[in-house]
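Report on the structure given below.
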Amino acid sequence: MSRRQGKVAFVPARYGDRIVGGAEIVLRHMAFGLQKRGWDVEILTTTALDHHTWKNETEPGVTVEDGMPVRRFTVDGDALPERGALEHRILTGDPLTISEQQRWMNSGMRAPDLYHYILDSSDEYRAFVFTPYPFWVTFACSQIVPHKSVLWTCLHDEPYAYLELFQPVFTGSAGLLFQSDPEQDLAERITSKLAPHKVVGCGVEVPASYDPEGFRERYGIEGRFLLYAGRREGAKGWDELLEILADIDARGQFPFTLVTMGGGEVRPPAGFEGKVIDVGFLDDDERDNAFAAADAYIQPSRFEAFSRTIMEAWLAGTPVIANGGSDVVKWHCERSGAGLTYDDALELEEALRFVAEAPEEAAALAVSGREYVLSHYQWETVLDAVEAQIEAWTGVDA
Amino acid sequence: MVSPYPPLRDGIAAYAQQQVAALRREGHDVEVLSPGPSAAHYHLDLVGPRGALALAKRVVGYDLVIVQFHPDFFYPPGAGQSDRAAVGLALSAAFARAKRVEVVVHEVDYRYGRGTSPAALITRQLWRRVDQISVHSQSEVDSFREAFGVQSSHIRVVDPGATFVPHTPLDQAQARASLGIAQDATVFLSIGFIQPHKGFDRAVRAFSGMGRGGVRLDVVGSVRVEDPAFVRYADDLEGLAARIPGAHVHLGFVSDELFDRWIVASDVVVLPYREIWSSSVMERALLFGRRVIATRVGALVEQAHEEDGVTIVDDDAGLRAAMRREAGGGAEAVVEVQPWPTAAAGRTAIQEQVVLRAARRRGHAVPMGDHHEVSTVVGTGAVSAPLRRLGDVHLPDPGHGRGLRVLVRKVVRKVTAWQVQPVVDQLNAVRRASVESVERASEAGQDGPTPAPESRPGG
């Protein structure tokens, strides 16, 4: 086996330059990174862009997007009636039989054409890289040729992770790539015989410069503000964050505006509408400017496998206030020394009070964050590790 | 006079009684009708339209009918629009039959006068029938005008202490001796009906860590109605106080005399209310010359206007700080809020400060100077974190705007709230109790293992 031989397929369920979703974004960067290093890389994905509707929005077939070959397959996105009930039972901790788990998995979005393409063409590829683990595409397709299947796992401590359904994926794949020690710890905790695995980190692009004042001017933002970037949905802690901030604001204790970018409905509580500014989906440069302009970045999600956004905040010199329920994010905050965590509304309020009352100290707190990101999470370092693992776990003739 | 009346122990009853006494001193012939058996001349169940219509039969023949108004006297619990409309119509009939009606408002929900529903229209009409409405603050005058469309000329602000008569002749030393309180103690007092919106638990939590050097907090009162939620609250309050040195809960009947004796015995009266319109306790405390710490709710700020010795606080942290100032040397172990650590002190120091400040607001004693104690607070917080992260449950927001979907959601929410809200309340109560329980277990564990019970004879 020689270096960089064989075709590597990256297989996200959705793909595009405007997809909001950490796993999909990372996979895209990784694909381009390996392609740049000389790998023969292809994207296998679906025609859907929205992970809520799974509506077919792009054309099936092969295209070349920004120099990257992309092979799209249509989606059967209509969820069966029982999916909601089964999903509810999973999320509320009600044990499902294996049969029910399988019905749950197969009652939502599916991509039979993609499945069959891999089934038909697996010999043409050295490796398939899937993400994230709970999606049908990963679950179903990674088991077609498991000895070629590498998972960018994106495992976090959520009810799905404990489903017996996923054990074969965690134990039988060619390899599992983890982004952090806590993610690996969790995998080892829930699986007795874990497949080969490695913590490789996650790459973050380092902006050459920032324009915070320009961002403020272009979006008409005055005064101090907190930033949230990402999908605005309950699972990301968005609704809960709004409720807490609205409550603080109602007591006259909230000297900030909340600026948000990304996808999903904003839905601020009554009375808090004037304190939330949605700047929509921003390109990378403007995104970085937003991070630099913010007084603090809020990460309210408990379900993070890595949290690129906190890295982007730290790179921009912005302190992070994060939900302590995410082991990974808490680990980053403690390791970097550049972020505070909260476990309830009062702790969030006190952390905000720190930013409000001691802004210079808050900014100083963030300084070590940039160094932390630069030391651990530059793409070149991560790509070195990913390459090494693909070569170790798969072979050209496999 | 239509009012609760002694010997029922109730702030409104005491207020009514003193007003009756004053009127009679002025030579008026006053008869009293109360909602239940009491020292009043008559009693009548006033709840619901039937009660109001029964009242309508009684008011004829009096030159003046004075109603001490609280919604609970007239509206059934959880009254919906139709109930409020029916009661409003019946009360309007009663007021129409009287020669002159004056209403002293102790509490009212202004929301019920807003909007265009039949219930709102009837409620506005009801209040317009009243010849004179007495409230305790100017903000209530404004609210009445805005919500019910009542003309200012029909509303007056009355001094709730105008008819004050002390019920005890004792001085502080005698009162303390009678209650078994040390003469040199610093006594905080929260007194009144024990129910969640009075927030006595806030006072107990705020007091945590101050019960040294003779500083004490006494919570005195009874459960007004045997509502399971109120009874449970009282039980929880006792449990909470049992954990906090220096905090005492005295549940039981409190006569007017005993009520005043407690106030006289105290140094500072604490009113940690979550909701209230005005407070007769504040009035009596001030009239006895006691200092008052009160939360900024309702019209308490106006009631305390220009009175020396009243401290208004915005939140639990403010309450605790105010009590700590009053506690003086007895609370030397608890220090003022420390400034935020610098970034140079490290992330851990700032994070610890965040956790400690939040813990204090949850009612923990936070002795900043003692590293072992700080570690205990942080460790306990880590144990309860998974439960605290759950947060409170709320009914889903129906959204805003005018679309059909939003309208349907709002209707569904209104129709089902009476069934769903108690479940939501219970869930939140369970969560809070769980947090408290695991923190207590954690604290006990950090203090060392529980000693094994001694073997029993023959066991």
Side-chain angles (χ1 to χ4, degrees), chain A residues 157 234 237 239-244 246-248 251-253 265 267-273 300 302 319-321 323-326 330 333-369, chain B residues 205 295-297 313-318 337-364 366 377-378 380-401 406 409-410 431-432 435 439:
Chain A
D157 196 352
D239 296 332
E240 186 183 14
L241 175 70
L242 284 179
E243 281 178 13
I244 295 173
D247 180 56
I248 297 171
R251 287 184 277 110
Q253 309 280 317
E265 281 185 70
R267 298 188 309 275
F272 194 58
E273 299 92 335
R302 290 170 54 194
V320 167
I321 298 172
N323 190 324
S326 166
K330 190 172 185 176
C333 288
E334 290 174 351
R335 234 169 44 126
S336 68
L340 302 175
T341 56
Y342 63 91
D343 289 319
D344 61 21
L346 287 176
E347 289 185 1
L348 171 56
E349 186 173 347
E350 290 301 330
L352 294 177
R353 205 185 289 258
F354 167 67
V355 177
E357 294 175 0
E360 292 174 358
E361 298 304 330
L365 183 75
V367 169
S368 61
Chain B
R205 291 177 198 282
T295 46
R296 189 184 301 279
V297 291
V313 298
D314 290 309
D315 54 21
D316 290 349
V337 173
Q338 292 187 340
W340 289 106
T342 63
R347 179 255 179 199
T348 302
I350 299 168
Q351 179 72 46
E352 210 166 69
Q353 184 72 203
V354 166
V355 171
L356 291 178
R357 287 177 180 225
R360 178 190 291 118
R361 293 177 60 188
R362 285 199 304 276
H364 282 270
V366 182
V377 172
V378 172
T380 301
V383 170
S384 66
L387 281 167
R388 288 186 290 112
R389 283 184 205 122
L390 291 175
D392 275 344
V393 178
H394 304 284
L395 290 179
D397 184 358
H400 15 106
V406 172
R409 284 177 180 165
K410 285 181 177 172
R431 189 189 68 84
R432 282 192 283 272
V435 169
E439 290 191 344

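Convention: sequence-line order gives letters A, B, ...; per-chain numbering from 1.
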Among [options], single out the residue with the greatest number of heavy-atom pairs under 4.5 Å to chain B.
| options | answer |
| --- | --- |
| A/Gly324, A/Ala338, A/Ala358 | A/Gly324 |
| A/Ala363, A/Pro269, A/Gly339, A/Ser336 | A/Gly339 |
| A/Glu357, A/Glu350, A/Glu360, A/Glu349 | A/Glu350 |
| A/Ala345, A/Ala362, A/Cys333 | A/Cys333 |
| A/Arg353, A/Glu243, A/Glu240 | A/Arg353 |

Which atoms of [X] are under 4.5 Å from chain B, going by heavy atoms: the side chain, the backbone, both sets, or neither?
| X | value |
| --- | --- |
| A/Ser368 | neither |
| A/Ala351 | both |
| A/Asp239 | neither |
| A/Glu347 | both |
| A/Glu334 | both |

Quiz item: Looking at B/Gln351, B/Arg357, B/Glu352, which hits side-chain contact (heavy atoms from CB on, under 4.5 Å) with B/Val355?
Solution: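 Among B/Gln351, B/Arg357, B/Glu352, the one meeting side-chain contact (heavy atoms from CB on, under 4.5 Å) with B/Val355 is B/Gln351.
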
Quiz prompt | Residue among B/Arg296, B/Arg388, B/His394 with most heavy-atom pairs under 4.5 Å to chain A | solution = B/Arg388

Quiz prompt | Atom pair CG/CG of B/Leu387 and A/Asp344 - distance to nearest 0.5 Å | solution =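 Spacing of CG (B/Leu387) from CG (A/Asp344) equals 11.0 Å.
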
Quiz prompt | Reported CG-to-CG distance for the pair A/Asn323 and A/Leu241, which is rounded to 0.5 angstrom | solution =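 A/Asn323 atom CG to A/Leu241 atom CG measures 9.5 Å (nearest 0.5 Å).
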
Practice problem: Give a yes-or-no answer on whether the side chains of A/Glu361 and B/Trp340 include a donor-acceptor pair shorter than 3.5 Å. | Solution: no

Practice problem: Determine, for A/Arg302 against A/Asp157, whether the closest basic-nitrogen to carboxylate-oxygen distance falls under 4.0 angstrom. | Solution: no

Practice problem: Could you tell me which portion of B/Pro386 (side chain, backbone, both or neither) has an atom closer than 4.5 angstrom to a non-hydrogen atom of chain A? | Solution: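 Nothing of B/Pro386, per the 4.5 Å heavy-atom cut-off to chain A.
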
Quiz item: Is atom CD of A/Glu265 surrounded by more than 12 heavy atoms (other residues, nucleotides or ligands) closer than 6.0 Å?
Solution: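 No, not enclosed.
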
Self-check item: Min side-chain heavy-atom separation A/Phe354-A/Leu365 under 4.5 Å
Solution: yes

Self-check item: Validation row: A/Tyr342, B/Val354 side chains within 4.5 angstrom (heavy atoms)
Solution: no

